[in-house]
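In what follows, a structure is listed as structure tokens, so that the remarks can point back to it.
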Amino acid sequence: MKIWVDADACPVVIKEILFKAAKRTEVEITLVANQTISIPSSPYIKFLLVPSGFDVADNEIVKLCNEGDLVITADIPLAAEVIEKGGHALNPRGEMYSANSIKAKLTMRDFMDTMRSSGIQTGGPPALNKSDRMAFANQLDKFITKNK
């Protein structure tokens, strides 16, 4: 099992939790981004630089992840593709996406996109808080323990 990180949009505090988990559990984590990201020196932490462009990092993650791998992302279409491929997806707020929940999330995402396209201001998600970080760390540990 490997962990793939949609690193362009991943909050720094979540990356730090992932770095600690990689060292502690010896699970390989690969951050995928279209800009250079500083990572600690560890045989379990890797970085993959992809060209700039729409969904280039997402497409690379889908291509490289295997059944049973975990992808860290807030990108709902990416999570849907990973689940369809037999992988697992966890968002930075600690919510594990499932085959059932992802359909509803895709529908809501499309609805909100339509609202924004028609000029309605929908706002963004709230800032990541301490309980979000704890929920993420707990779900990550639970997943690693179960699947390592």
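Rounding to the nearest 0.5 Å places CG of L78 at 5.5 Å from CG of D6. In this structure, CD1 in I144 is found 11.5 Å from CD in Q139, a value given to the nearest 0.5 Å. I29 CD1 to K46 NZ: the interatomic distance, rounded to the nearest 0.5 Å, is 11.0 Å. Going from atom CG of N59 over to atom CD of E81 covers 6.5 Å, rounded to the nearest 0.5 Å. The distance from the CG atom of N91 to the CZ atom of F136 is 8.5 Å, given to the nearest 0.5 Å. With values rounded to the nearest 0.5 angstrom, I17 atom CD1 is found 8.0 Å from L140 atom CG.
V71 places none of its side-chain heavy atoms less than 4.5 Å from the side chain of H88. Side-chain atoms of I3 and Y44, non-hydrogen and from C-beta on, never get closer than 4.5 Å to each other. Side chains of L48 and L64 form a contact here, defined as non-hydrogen atoms less than 4.5 Å apart. Between V82 and L70 there is no side-chain heavy-atom pair separated by less than 4.5 Å. Put simply, the side chain of D58 does not reach to within 4.5 Å of the side chain of V56, judged on heavy atoms. Between T30 and V5, every side-chain heavy-atom pair lies at or beyond the 4.5 Å cut-off. By the 4.5 Å heavy-atom criterion applied to side chains, K15 and I37 are counted as neighbours. No side-chain heavy atom of F143 sits less than 4.5 Å from a side-chain heavy atom of L90.
Note on W4 and M96: separate hydrophobic clusters, where clusters join Ile, Leu, Val, Met, Phe, Trp and Tyr whose side-chain heavy atoms are under 4.5 Å apart, directly or indirectly. Residues F19 and V32 do not share a hydrophobic cluster, defined by chaining ILVMFWY side chains whose heavy atoms lie under 4.5 Å apart. The cluster map of Ile, Leu, Val, Met, Phe, Trp and Tyr, joined by side-chain heavy atoms under 4.5 Å apart, puts I14 and M134 in different clusters.
Neither side chain, T73 nor D75, offers a donor N or O lying under 3.5 Å from an acceptor on the other.
Formation of a donor-acceptor pair under 3.5 Å by the N66 side chain with backbone atoms of D69 is not found in this model. In this structure, the side chain of S101 does not engage the main chain of Y97 through any donor-acceptor pair within 3.5 Å. Not one N or O on the side chain of N138 forms a donor-acceptor pair closer than 3.5 Å with the backbone of A135. Looking only at distances, a side-chain donor or acceptor of K85 sits under 3.5 Å from a matching main-chain atom of K63. Counting only distance, with no hydrogens or angles, the side chain of D8 and the backbone of N34 share a donor-acceptor pair below 3.5 Å.
In this structure, F47 and A33 approach most closely via the heavy-atom pair CE1-CB, 3.8 Å. Across N147 and M1, no two heavy atoms sit closer than the pair O-CB, 4.1 Å. Taking both residues in full, the closest heavy atoms of I45 and K23 are given as CD1-CE, 4.4 Å, listed atom of the first, atom of the second, then distance.
The stretch residues 135-148 participates, sequence neighbours left out, in these salt bridge (Lys or Arg N to Asp or Glu O under 4.0 Å) pairs: R24-D141.
K2 meets the salt bridge (Lys or Arg N to Asp or Glu O under 4.0 Å) test with E28; sequence neighbours excluded.
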